[in-house]
Amino acid sequence: MPHKTFYIKTMGCQMNEYDSDFLAQSLINDGFSPTNNDNDADIILINTCTVRAKPEQKAFSLLGRMSDLKRKNPRLIMGVVGCLAQQKGHELLERFPQLDLVMGPREIGRIKEILGQIYADGEKIVATHLEPRPPHPVSCQGYFNGRVTGYLSIMEGCNNFCTYCIVPYVRGREISRSPEEIVNEAKNLISEGVKEITLLGQNVNSYRWEGMEKWNFVTLLREITKLDGLLRLRFTTSHPKDLSEELIQCFGDLDKLCPHIHLPFQAGSNSVLDRMKRGYTRERYIELIDKLRAVRSDIAITSDVMVGFPGETEQDFHMTLNLIKRVQFDSLFSFKYSDRKGTVAAKMDDKVDETDKSVRLSVLQNLQKKISLKKNWALEGKQLEVLVEGYSKKGGQISGRTGSNKIMNFTSNNNLIGRLVVVTVNCGLLNSLQGEMAPEE
Ligand code: SAM
Ligand code: SF4
């Protein structure tokens, strides 16, 4: 095959970023070269998200724009991968005839074979089986060089079927990867210079492996924190219904485990939580937060919440605000509920008016802004350990993250990338901290 280039555009969550890295490494191993310019690529893959209406619309408009490139260069191979590809399948080929490939997340291990088929006979391919196991990791020497942080998927899919959520339909049933594969992949990341690993799964707490020995998420965490060269470990996402006492205790016991947990609560009203089929109550959620703080008082807590779930009353919404005030989250991802075709909630009556959803979202976000600011102000004057990742977005400053996952920007003339340094917080802002490095010994 003559030398060809590829361009991958990634939308959506960390899992998609991980999958895009997998695809990129597979393509490089197969002789393709990455390019940052979609105009001169021979292959374009768009890795999409369909979890809410908004990212889905974004993916559609990007596909429309990208289709023009194919009109200019008919030899270009254009593919959609990820959750939207899985959900829409053949429908995407009809709507965007410029596409050559539609590939669901469980099929990414077949990228080499599928591209070979497209190049050989020019046929369009739709690959959307949900049964395949997560593919064996590919390693491409040097791929992660220069990266301080890396993702590592420990499982694929989800069995929870929260009534609003499309994930189990587009990423399939939950399946864990073997501990051996995971530990080897972690070692590979570390050997490439990665200092901080985030373990990924839709519900990491339900990680299970039954081989010669039984593994659960806690045994896996303990094993990975033993790896030399790894400075920090994180994980996401945890489900409150499966958050065990043993896992909570890890925040007290494991030095490398960062003091931060992302624990989505989704709603503060028990009747909404029940109709979402979340499997916990607001009281249980608060109990978990109290236990986490008892083990590690400085733990940062972030979460996902949505407004306007079918049947959500003003009183339900106030229960959500009330829970936010009680917990005092460090930050929140907040969304307007949107129907996802095929889910149970999409068929529920009593949909909340779009204007009411917007008003509720803005009230909620204003409340959270005040809490986030207050939390960051409270850090002023404190010394925090920061893993330096690169340069700040506005430039001129060095940027890293605290263990609590807050962005810290500060000035230094030294090359500190990849190092843990102590920084004093000068100013707490809404989404970041501004600091000053303590003199090094
Ligand atoms: N597995 C994780 C969990 O259980 O929390 C997160 C899954 S989902 C990819 C990320 C977030 O999107 C969810 O926590 C939820 O807040 C939001 N979300 C999922 N479905 C949604 C929908 N139909 N409408 C609005 N937000 C939704
Ligand atoms: Fe979706 Fe619920 Fe599974 Fe999270 S736990 S991916 S919200 S079904």
Side-chain angles (χ1 to χ4, degrees), residues 10-19 47-59 82-84 86-87 105-106 130 151 153-176 198-207 217 235-243 261-268 272-280 285 288 301-312 317 320 323-324 329 331-348 351-352 354 357-358 360-361 364-365 368:
T10 309
M11 315 178 86
C13 65
Q14 295 109 320
M15 200 61 104
N16 273 9
E17 285 183 39
Y18 177 83
D19 287 349
N47 197 352
T48 54
C49 170
T50 187
V51 77
R52 288 176 297 279
K54 215 167 153 183
E56 186 175 296
Q57 282 152 11
K58 264 190 173 171
C83 297
L84 182 70
Q86 182 67 39
Q87 166 79 341
R106 290 293 263 258
L130 276 176
Y151 293 127
S153 167
I154 62 166
M155 61 207 294
E156 181 53 80
C158 183
N159 290 347
N160 284 322
F161 289 93
C162 301
T163 55
Y164 50 82
C165 186
I166 195 77
V167 170
Y169 304 92
V170 291
R171 283 197 169 264
R173 291 304 86 77
E174 188 178 283
I175 183 154
S176 296
T198 303
L199 304 179
L200 298 180
Q202 294 299 340
N203 179 11
V204 288
N205 318 42
S206 60
Y207 177 85
F217 186 53
F235 59 83
T236 196
T237 299
S238 290
H239 195 304
K241 84 176 162 54
D242 298 316
L243 183 62
I261 187 165
H262 186 70
L263 194 64
F265 75 100
Q266 313 296 1
V272 174
L273 285 172
D274 190 44
R275 276 177 292 120
M276 286 177 163
K277 208 169 137 277
R278 286 291 287 176
Y280 55 86
Y285 186 86
L288 289 172
I301 316 245
T302 58
S303 192
D304 293 348
V305 55
M306 67 183 95
V307 296
F309 185 76
E312 184 191 71
F317 173 60
T320 295
L323 188 126
I324 293 172
F329 293 100
S331 67
L332 273 181
F333 292 105
S334 47
F335 312 105
K336 284 194 267 184
Y337 163 81
S338 53
D339 278 341
R340 301 289 73 203
K341 204 171 152 202
T343 61
V344 173
K347 295 186 208 95
M348 287 179 182
K351 295 278 157 63
V352 176
E354 280 303 314
K357 282 188 209 170
S358 301
R360 286 178 194 175
L361 188 66
L364 186 154
Q365 289 179 338
Q368 182 55 43

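Ligands are counted one by one from 1 in listed order, and the atoms in each one are counted from 1 as well. Everything quoted here is computed from the prediction, not taken from an experiment. Numbering starts at 1 and runs along the sequence shown.
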Looking only at the side chains, is there a donor atom on one of S206 and E174 sitting less than 3.5 Å from an acceptor on the other? yes

Roughly how far apart are S334 OG and Q266 CD, rounded to 0.5 Å? 11.5 Å

Are D19 and R171 within salt-bridge range, i.e. N to O under 4.0 Å? yes

Among the heavy atoms of R278, does any lie under 4.0 Å from an atom of ligand 2? yes

Please write down residue, atom name and distance for the protein heavy atom closest to atom 7 (S) of ligand 2. Y164 OH, 3.3 Å

Under the rule for ring pair (Phe, Tyr, Trp, His ring centres under 6.0 Å), what residues qualify as partners of F217, not counting sequence neighbours? F235

Contact residues of ligand 1 with a heavy-atom cut-off of under 4.0 Å? V51, R52, Y164, Q202, T237, P264, Q266, R278, D304, M306, F335, K336, Y337, S338, R340

Under the 3.5 angstrom rule, does the side chain of N47 hit a backbone N or O of E17 as a donor-acceptor pair? no

Checked atom 3 (Fe) of ligand 2: protein N, O or S atoms closer than 2.8 Å come out as C158 SG

Could you verify whether a donor N or O on one side chain and an acceptor N or O on the other, from K54 and S338, lie under 3.5 Å apart? no

Run through I301, T302, L364 and flag the one making a side-chain contact (heavy atoms from CB on, under 4.5 Å) with L332. L364

List in chain and number order the residues that pass ring pair (Phe, Tyr, Trp, His ring centres under 6.0 Å) with F265, two or more places apart in sequence or in another chain; answer none if no residue qualifies. Y285, F329

Give the intermediate values and the outcome of side chain to side chain contact (heavy atoms under 4.5 Å, CB included) for residues T237 and N203. CA-CA 5 Å; T237 299; N203 179 11; over 6 Å; no

Working to the nearest 0.5 Å, report the span between CD1 of I175 and CG of L130. 11.5 Å

